[in-house]
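Okay, so here's the structure we're looking at.
Just so it is clear, the structure is predicted and the values come from calculations on it, not from any experiment. Numbering of ligands and ligand atoms starts at 1, following listing order.
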Amino acid sequence: MPLEIVTIPCRSDNYAYLLRDEATGTVALVDAPEAAPILRALDGRGWKPDLILVTHHHGDHVEAVDELRSRFGSRVIGAEADRHRLPRLDLAVRPGDSVEVGAATASVLDASGHTIGHIAYHFPEDRALFAGDSLMVMGCGRVFEGTPAMMWETLSRLAALPPETRLFSGHEYTEGNLRFALSLGKPDAALAARAEAIRAARAAGRDTMGPTLAEERRTNPFLRAAEPEMKARLGLGDVSDTESFTEIRRRKDAF
Ligand code: ZN
Ligand code: FE
């Protein structure tokens with residue numbers, strides 16, 4: 001039986017996610033940016049979070065963890081590597097570990113680059129990836145602690161998951177990311193079509209989460225860093241994929 005996924009807008013542009021395993025009724029929250037909207041989403045459904053899965057230590061992802069834990073007795077799960085700077089963990093995990101949400105299972109993936117210790121949660125059977133601030137819809141997180149090479153490895157690892165995997169990121173940055181993608185030159189048909197779909201979704205007040213990795217691979221400029229056509233667009237010669245990614249990230253930082 002599948003996982004039900006609820007996207008909860010928090011703060012100005014963050015997302016938290018509620019995952020409910022239909023087989024057992026177990027509920028997990030992915031990141032806890034702000035208590036009030038999460039409590040409303042839980043209340044409206046009569047749910048309580050059995051688990052809180054944390055992607056990384058930034059305040060806009062963990063601020064409400066302690067409040068929700070003390071209210072619901074949730075078990076908090078996060079990266080062993082970041083234990084010293086995360087809210088108190090009930091279960092510390094490493095890349096390669098599994099996390100169970102009722103009958104559903106996530107594998108923990110290394111998603112470092114934005115921060116060192118950042119992890120992502122992949123539910124293969126439900127074809128869902130919760131990537132926090134690593135792979136973003138149409139973009140990627142800023143490289144605060146890691147190196148561009150580390151972020152490129154992370155993006156390559158995540159993009160190599162099955163193409164039908166749906167991507168759920170930590171922020172609604174999609175329109176800004178789209179503007180940047182369009183700044184890199186004339187869009188191909190796939191990007192032009194996606195631009196229209198994204199603008200229509202935002203104009204209608206809908207979120208843009210849950211595209212497939214296949215769509216991301218075709219249109220997210222950061223995932224296209226290895227394409228010779230992208231390197232040519234950037235005016236780079238015969239450079240490595242890491243160098244190409246680094247240049248795209250540098251341009252986005254200045255955009
Ligand atoms: Zn962050
Ligand atoms: Fe964030």
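At least one N/O/S atom of His61, whether from backbone or side chain, sits less than 2.8 Å from the Fe ion (ligand 2). Residue side and main chain included, His61 places no N/O/S atom under 2.8 Å of the Zn ion (ligand 1). With 2.8 Å as the limit, His171 counts as an N, O or S neighbour of the Fe ion (ligand 2).
Remark: the backbone N or O of Pro49 is paired with a side-chain donor or acceptor of Ser74 at under 3.5 angstrom. A donor-acceptor contact shorter than 3.5 Å links the side chain of Arg69 to the backbone of Arg88.
Using a 3.5 Å distance cut-off with no hydrogens or angles, the side chains of Thr105 and Glu125 do not pair a donor with an acceptor.
The minimum distance between the Zn ion (ligand 1) and any N, O or S atom of Asp133 involves atom OD2. Its N, O or S atom nearest to the Zn ion (ligand 1) is what matters here, and for His56 that atom is NE2. Asp133 contributes atom OD2 as its closest N/O/S atom to the Fe ion (ligand 2). In terms of distance to the Fe ion (ligand 2), the nearest N, O or S atom of Asp60 is named OD2. Restricting His58 to its N, O or S atoms, the one at the least distance from the Zn ion (ligand 1) is ND1.
For the pair Glu227 and Arg224, the salt-bridge criterion is met [side-chain N within less than 4.0 Å of a carboxylate O].
Between Tyr15 and Phe168, the distance separating the two ring centers is not shorter than 6.0 angstrom. Between His118 and His58, the distance separating the two ring centers is not shorter than 6.0 angstrom.
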